[in-house]
Amino acid sequence: MPTSPDDRRPLRHRGTLAVVGGRVVPVVGEPVEGGTVLVVDGRITAVGAADEVAVPADAEVVDATGRWVLPGFVEAHGHVGLHEEGEGVAGNDTNEMTRVNAAAVRAIDAVNVDDEGFRDALAGGITSVVVKPGSGNPIGGQSVAMKTWGGRTVDEQVIRDAVSVKSALGENPKRVWGERKQTPQTRLGTAAVIREAFVAAQHYRDKRDAAAAKDEPFARDLTLETLVRVLDGELVWDQHTHRHDDIATALRLADEFGYRLVVNHGTEGHKLADVLAERDVPVVFGPMFTSRSKVELRDRGIEHLAAIAAAGVRIAITTDHPVVPINFLVHQATLAVKEGLPPTTAIEALTVNPASFFGLEGRIGALAPGLDGDLVVWSGDPLDVTSRAERVVIEGRTVYTWDAAAGRGVVVERSERFGR
């Protein structure tokens, strides 16, 4: 079974950290000038003005005067650790394209926590990421929510083993399977594969429940079992979709089977923004720093995110790393602001929104008592392209600092963390 969002892995750091004097932006409340964030044993215990938060005598104190303090950013859709950089085919485990329905495969089983992309994530102020399988299959597999640094193994960085199942509509599955002269070769076929899979999952659930009621043995099917978790609302359905007609198909399928839908990419989401808002279907938008590399991206535009948000759609932003380097996540938000996205909405799209999309708001996405002690000290407003992350803290432990004298970031490496 998946871990609860309240379960705590060995990553938690023991001790007290106080970040004082900065402009504290909790996201879930108003900014506090000269504020204090107190982290005890890996969790935030207090956020407020200096005269409201007592700093224990034994606390490690970080002076953030003249800086901005925000929660660690959340990359809502990436392949870091799964599609390793500089490793070629040996480091690419993104797509299990041997079956159209790969719901049973799990991203966690292929994440390399020493992938260079995780170091880049820290430099970009990202402390959590939802790592997903790719979009070559109609049904691609289970994603994992995890911290971007600190564990001996991926398991020690996990927030939750599985938060969603990745699915793809549009050109990618058509291309992959069409070249093999197999179903699906069309958008019709892709939708049919998904429908047939969920109908089979419904029958599987009925048989499983009947067997349980009679206390009879029942043969497990990992693929159908995963889809039952989607039907039961335990896992989100992460729908890769760019064109507006594919988004309409995603909504139609969600209506048929009643699962929780999150639109991923949403390139033409502005054309259906009012419909998405009416149904409260969130959009993980991006990547933005790409060309019109295929037909379904012909209408791509950074300005579309502002239109989607203005309609009332809850949004997050993605680099789709390594499509765009993960440390450019905040820069995409900056350009979205340039194109009309309100700055407050942009910060929410990097923090509290992606956390809530995947049921992780009890752990990450804001600075508030009870949440994980994941925070970043920025040299200034993070939406200013000249600002940089100067200190990154994950569950109370500093894992990255900017060395101004050397002109480079310094990551606390494995040998320092574990003595080997």
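When a residue number appears, it is its place in the shown sequence, counting from 1.
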Q | Shortest non-hydrogen separation from Phe73 to Gly124 and the atoms involved | A | CD1-O, 3.7 Å

(Q) With a 4.5 Å cut-off on side-chain heavy atoms, are Leu329 and Leu350 touching? (A) yes

Q: Examine the side chains of Thr241 and Gln239 and answer whether a donor and an acceptor come within less than 3.5 Å of each other.
A: no

Q.
Apply salt bridge (charged side-chain N to carboxylate O under 4.0 Å, His left out) to residues Arg252 and Asp245 and explain how you reach the verdict.
A. CA-CA 10 Å; Arg252 188 179 313 114; Asp245 52 341; over 6 Å; no

Q. Do Arg152 and Glu156 sit within salt-bridge range, that is, some charged N less than 4.0 Å from a carboxylate O?
A. yes

**Q.** Asn112 side chain to Glu84 side chain, donor-acceptor N/O pair below 3.5 angstrom
**A.** yes

Q: Answer yes or no: is there a side-chain heavy-atom contact under 4.5 Å between Gln202 and Leu231?
A: yes

Q | Residues Asp299, Arg292: salt bridge by 4.0 Å N-O rule | A | no

Q) Is there a side chain to side chain donor-acceptor pair (under 3.5 Å) between Asp41 and His13 once you walk through the steps? A) CA-CA 6 Å; Asp41 293 343; His13 178 62; over 6 Å; no

Q: Determine the minimum heavy-atom distance between Ser291 and Leu297, stating which atoms define it.
A: O-CD1, 3.9 Å

Q: List for me each residue that meets side-chain contact (heavy atoms from CB on, under 4.5 Å) alongside Ala57, sequence neighbours excluded, and say none if there are none.
A: none

Q | Ser135 backbone acceptor or donor facing Asn95 side chain under 3.5 Å | A | yes

Q) What distance do Asn172 atom CG and Met97 atom CE have between them, rounded to the nearest 0.5 Å? A) 9.5 Å

Q | Side-chain touch Ile126/Asn327, heavy atoms, less than 4.5 angstrom | A | no

Q. Val324 versus Thr290: any side-chain heavy-atom pair under 4.5 Å?
A. yes

(Q) Can you tell whether the side chains of Arg363 and Asp372 come within less than 4.0 Å, N to carboxylate O? (A) yes

Q: Report, as yes or no, whether the 6.0 Å neighbourhood of atom CZ on Arg298 holds more than 12 heavy atoms from other residues, nucleotides or ligands.
A: no

Q.
Which heavy atom of Gly286 sits nearest to which heavy atom of His265, and what is that distance?
A. O-ND1, 2.8 Å

Q | Partner residues of His304 under the ring pair (Phe, Tyr, Trp, His ring centres under 6.0 Å) criterion, sequence neighbours left out | A | His270

Q: Could you tell me whether a side-chain N or O of Gln157 sits under 3.5 Å from a main-chain N or O of Gly151, the two making a donor and an acceptor?
A: yes

**Q.** Flag, side chain of Thr36 to backbone of Val53, donor-acceptor distance under 3.5 Å
**A.** no

(Q) Would you compute the distance between atom CG of Leu261 and atom CG of Asp255 and round it to the nearest 0.5 angstrom? (A) 9.0 Å

Q.
Can you tell me which residue among Arg260, Lys132, Lys166 is in a salt bridge (charged side-chain N to carboxylate O under 4.0 Å, His left out) with Asp238?
A. Lys132

Q: Output yes when a side-chain donor or acceptor of Tyr259 lies under 3.5 Å from a complementary backbone atom of Gly233, and no otherwise.
A: no

Q: Starting from the C-alpha separation in whole Å, work towards a yes-or-no answer on salt bridge (charged side-chain N to carboxylate O under 4.0 Å, His left out) for Glu413 and Arg119.
A: CA-CA 10 Å; Glu413 295 290 353; Arg119 296 178 179 85; 3.1 Å; yes

Q.
Has Asp206 got a side-chain atom pairing as donor or acceptor with Arg208's backbone, closer than 3.5 angstrom?
A. no

Q: State whether the side chain of Glu75 and the backbone N or O of Thr319 hold a donor-acceptor pair below 3.5 Å, judged by distance alone.
A: yes

Q | Approximate separation, where rounding is to 0.5 Å, of Ile347 CD1 and Leu70 CG | A | 5.5 Å

Q: Measure the spacing between CZ of Arg229 and CG of Leu235 and express it to the nearest 0.5 Å.
A: 4.5 Å

(Q) If we ignore hydrogens and angles and just use 3.5 Å, is the side chain of Glu395 paired with the main-chain N or O of Gly42 as donor and acceptor? (A) no

**Q.** Side-chain (Trp149) to main-chain (Val412) donor-acceptor, under 3.5 angstrom
**A.** yes

(Q) Are the side chains of Pro325 and Asp120 in contact, using a 4.5 Å heavy-atom criterion? (A) no

Q.
I'd like to know whether CD of Glu30 has more than 12 heavy-atom contacts from other residues, nucleotides or ligands below 6.0 angstrom.
A. no

Q) Counting only heavy atoms not in Lys294, do more than 12 sit closer than 6.0 Å to its NZ atom? A) yes

Q) Would Thr148 and Thr127 count as having a side-chain donor-acceptor pair, cut-off 3.5 Å? A) no

Q: Indicate whether the side chain of Asp93 and that of His83 have a donor and an acceptor atom separated by less than 3.5 Å.
A: no

**Q.** Leu82 CG to Ile108 CD1 distance, which is reported to the nearest 0.5 Å
**A.** 11.5 Å

Q. Passes ring-ring contact (aromatic ring centres under 6.0 Å, His included), Trp237 versus Phe357? Steps please.
A. CA-CA 11 Å; Trp237 190 249; Phe357 294 175; over 10 Å; no

Q: Check the side chains of Thr401 and Arg391 for a donor-acceptor pair under 3.5 angstrom, ignoring hydrogens and angles.
A: no

Q.
Determine whether a donor-acceptor pair (N or O, by modelled atom type, separation under 3.5 Å) exists between the side chain of Asn92 and the backbone of Thr94.
A. yes

Q) Looking only at heavy atoms, what is the nearest atom pair of Leu227 and Phe198, with distance? A) O-CE2, 3.9 Å

Q: Locate the shortest heavy-atom distance separating Ala349 from Pro354; write the atom from each residue and the value.
A: O-CD, 3.4 Å

Q: Kindly determine whether Glu171 and Lys174 satisfy salt bridge (charged side-chain N to carboxylate O under 4.0 Å, His left out), including the steps that lead there.
A: CA-CA 5 Å; Glu171 292 182 27; Lys174 279 182 56 177; over 6 Å; no

Q: Please report the closest heavy-atom contact between Thr249 and Ala191, naming both atoms and the distance.
A: CG2-CB, 4.2 Å

Q) So, do Arg220 and Glu225 sit near enough that their side-chain heavy atoms are less than 4.5 Å apart? A) yes

Q | Donor-acceptor pair between Asn264 and His240 side chains, under 3.5 angstrom | A | no

Q: Decide side-chain contact (heavy atoms from CB on, under 4.5 Å) for Met146 and Val111; before the verdict, give the C-alpha distance in whole Å, the side-chain angles of both, and the deciding distance to 0.1 Å.
A: CA-CA 10 Å; Met146 59 181 291; Val111 172; 3.9 Å; yes

Q | Polar side-chain atom of Arg23 near backbone of Thr65 as donor-acceptor pair, under 3.5 Å | A | no

Q. Under 3.5 Å, is there a donor-acceptor pair between the Thr226 and Gln142 side chains?
A. yes

Q. Should Val27 and Leu367 count as side-chain neighbours, where that means a heavy-atom distance under 4.5 Å?
A. no

(Q) Under the criterion ring-ring contact (aromatic ring centres under 6.0 Å, His included), I'd like the reasoning laid out for Phe118 against Tyr400: C-alpha separation, chi angles, the key distance, then a yes or no. (A) CA-CA 11 Å; Phe118 284 113; Tyr400 171 94; over 10 Å; no

Q.
Do the side chains of Arg106 and Asp161 get close enough for a salt bridge, i.e. N-O under 4.0 angstrom?
A. no

Q) Is a salt bridge present between Arg67 and Asp381, judged by a nitrogen-to-oxygen distance below 4.0 Å? A) no

Q | Straight-line distance of Asp384 CG to Thr334 OG1, nearest 0.5 Å | A | 7.5 Å

Q) Does the side chain of Thr318 come under 3.5 Å of the side chain of His77 through a donor N or O and an acceptor N or O? A) no

